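Since the structure comes first, as structure tokens, the remarks are kept for the end.
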Protein chains: 2
Amino acid sequence: MHQPLTKSQATIAKILTASEGLFLERNYAEVTIDQIAQACQLTKGALYHHFASKEELYLHLIHEDLTAKRNLFSQAISLPGTCRERLERLTRTFLDLPPNKRQLITLIRRDINVFKTASRTRLISLYQLSLPSIVETVIRDGIRDGELKPADVRLLSWHFVAMVEVILNAYADKMLVDVQTKLDHSLELFFHGAARRSTKR
Amino acid sequence: MHQPLTKSQATIAKILTASEGLFLERNYAEVTIDQIAQACQLTKGALYHHFASKEELYLHLIHEDLTAKRNLFSQAISLPGTCRERLERLTRTFLDLPPNKRQLITLIRRDINVFKTASRTRLISLYQLSLPSIVETVIRDGIRDGELKPADVRLLSWHFVAMVEVILNAYADKMLVDVQTKLDHSLELFFHGAARRSTKR
DNA sequence: ATTAAAGCATACTGAACAGTCGGTTTGTTC
DNA sequence: GAACAAACCGACTGTTCAGTATGCTTTAAT
């Protein structure tokens, strides 16, 4: 399956791994090419041998990650089950990722504004496909099957994704330890609400 | 009540208004001092007569806005009522703000990373006091009075705030027109959940 | 009217940084 | 081991900014 990497591929991988760490800590503008070069024991010249620009490097990094996530998450919801089960499996898949991979998906929200329209729309559609549209699928099924109340699918999906991100950010800010439990609570909140007696509407 | 503004105060107000508009469109790093100066018909030199640095200017802007919001929102939840009524009044107050004031609260999330620890913690506590802690108060009361299920107050509040912000961002991205209605749906979701039959737990 | 300070403009400095370019090393092929 | 290309180095360039130095102009108070 894995033939030995060429020198170039190995270097590119090294560059991407190094920049991943840096971009997780600081934002796009604050990470300099020289810092990336230093982090992977290369020089700026070497970087520009493999990538045409800082922007291309960043986009490549995001692209790799989001397409991987897209495949992973697609699988997670492909198995049969109730809406809730499928969403639980989705978040479980998310939680099983190594922490840095887990966080990567938040970069796009943070840095989206620094790019011009072309790259921006590309990023948005990549992100859209990686998680929100996956969630939308499940939610749409849930409404169709009568498991969920009729509602604006897109809005509901956004709220669900936002919930997951709240947990992620809280975790990143070290304000949260037990991610698993908290995410379970959040799912319960999403499905049954915060009110004590759900006096049916 | 209002004695006539001094020249300086008037200029400062003009600077703040102008920079507010710019910071709403681009982020901290992308707005230059010269752009701000141009926007308020002044020069860089004049700006530095009134503010010691770009950072101080920005912090001043945020500070003004967040303390105003804090007072406004405190009032909104001070009137008696159920948890839901008070939160509805809170979001209503939010919606009644002019659009730019409404959006201002999102700046902090976007730009927080560019500042060093000192300013960062100041910003965080300002933000915390302006909205999240207000929401926390209401939620804590709601749980105490048995209107809400027992839960992690802080987490629940974050989720609530996140919901409001989802609507705000969608609106900012022009993906949403009828903010009022959508926010009502979101409140309903928060209290009673997305599931069709809330089979009591 | 005089004067001192407040308000403001112009031109400049210095640092940071993305991107470039000529040249050197390393590895591969014949 | 010659020849060639891919990988890499490091010094340089051009630009963009925040911040400064210096002095002119308006304001207001005596």
Side-chain angles (χ1 to χ4, degrees), chain A residues 3-23 25-62 107 110-111 113-116 118-120, chain B residues 3-23 25-62 107 110-116 118-120 123:
Chain A
Q3 48 248 36
L5 293 178
T6 67
K7 185 98 184 292
S8 173
Q9 287 172 322
T11 308
I12 287 179
K14 197 168 64 172
I15 294 171
L16 290 176
T17 308
S19 49
E20 178 180 308
L22 293 174
F23 282 128
E25 292 169 13
R26 319 188 202 289
N27 65 31
Y28 180 78
E30 285 167 337
V31 175
T32 71
I33 292 283
D34 285 305
Q35 285 168 353
I36 297 176
Q38 194 181 349
C40 53
Q41 310 271 39
L42 288 173
T43 62
K44 200 193 298 212
L47 289 198
Y48 277 93
H49 178 73
H50 295 284
F51 294 98
S53 66
K54 182 184 178 185
E55 179 165 335
E56 199 198 75
L57 164 57
Y58 182 88
L59 292 178
H60 192 275
L61 175 70
I62 300 286
L107 292 200
R110 194 191 58 189
D111 292 333
N113 293 308
V114 316
F115 299 106
K116 301 295 171 197
S119 303
R120 199 197 312 246
Chain B
Q3 46 249 36
L5 294 178
T6 67
K7 186 98 185 292
S8 174
Q9 287 171 320
T11 308
I12 287 178
K14 197 168 65 173
I15 294 172
L16 290 176
T17 308
S19 49
E20 178 180 308
L22 293 175
F23 282 128
E25 292 169 13
R26 319 189 203 287
N27 65 31
Y28 180 78
E30 286 167 336
V31 175
T32 71
I33 292 283
D34 284 305
Q35 285 167 354
I36 297 176
Q38 194 181 350
C40 54
Q41 310 271 39
L42 287 172
T43 62
K44 199 191 298 208
L47 288 198
Y48 277 92
H49 178 72
H50 295 284
F51 294 98
S53 66
K54 182 185 178 184
E55 178 166 337
E56 199 198 76
L57 164 56
Y58 182 88
L59 292 178
H60 193 274
L61 174 69
I62 300 286
L107 293 200
R110 194 190 58 188
D111 292 333
I112 188 80
N113 292 308
V114 317
F115 299 106
K116 302 295 170 198
S119 303
R120 200 198 310 248
L123 277 177

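Convention: sequence-line order gives letters A, B, ...; per-chain numbering from 1. Please read all numbers here as calculations on a predicted model, not as lab measurements.
- Counting to the nearest Å, the P atom of dT16(D) and the CD atom of Glu30(B) are 15 Å from each other.
- Counting to the nearest Å, the P atom of dC8(C) and the CD atom of Gln41(B) are 12 Å from each other.
- Between His49(A) and dC9(D), a side-chain N or O to OP1/OP2 separation shorter than 4.0 Å is absent.
- Note on His50(A): a side-chain N or O is less than 4.0 Å away from OP1 or OP2 of dC8(D).
- Atom NZ of Lys44(B) and atom OG1 of Thr32(B) lie 7.5 Å apart (nearest 0.5 Å).
- Between Thr43(B) and Ala52(A), the one whose closest nucleotide on DNA chain C sits nearer the 5' end is Thr43(B).
- Thr32(B) comes within 4.0 angstrom of the backbone, heavy atoms only, and of no base.
- Counting only heavy atoms from C-beta outward, the side chains of Arg26(B) and Asn113(A) never approach each other to under 4.5 Å.
- If you take CZ of Phe51(B) and P of dA18(D), they are 15 Å apart, rounded to a whole angstrom.
- In this structure, Leu42(B) places its CG atom 15 Å from P of dT26(D), rounding to the nearest Å.
- Spacing between atom CZ of Arg26(B) and atom C1' of dC17(D) amounts to 15 Å, rounded to whole angstrom units.
- Remark: the Lys54(A) side chain and the dG19(C) base include no donor-acceptor N/O pair separated by less than 3.5 Å.
- Residue-to-nucleotide contacts include a donor-acceptor pair under 3.5 Å from the side chain of Lys44(B) to the base of dA18(D).
- Spacing between atom OH of Tyr28(B) and atom C1' of dT16(D) amounts to 15 Å, rounded to whole angstrom units.
- For the pair Ile62(A) and Asp111(A), the minimum side-chain heavy-atom distance is 4.5 Å or more.
- In this structure, the nucleotide among dT20(D), dC8(C), dA18(C) sitting nearest to the side chain of Tyr48(A) is dA18(C).
- No option in Ile33(B), Thr11(B), Ile12(B) other than Ile33(B) meets the side-chain contact (heavy atoms from CB on, under 4.5 Å) test with Leu47(B).
- Of the candidates dC8(C), dT20(D), dG19(C), the closest approach to any side-chain atom of Thr11(B) belongs to dC8(C).
- Atom pair Glu56(A):CD and dG19(C):P shows a separation of 11 Å (rounding to whole Å applied).
- Mapping Ile33(A) and Gly45(A) onto DNA chain C via the closest heavy atom, the residue that lands nearer the 5' end is Ile33(A).
- Phe23(A) and Tyr28(A) have parallel rings, their planes meeting at less than 30° on a 0 to 90° scale where 60° marks the start of perpendicular.
- Look at CD1 on Ile15(A): it is 11 Å from C1' on dC8(D), rounded to the nearest Å.
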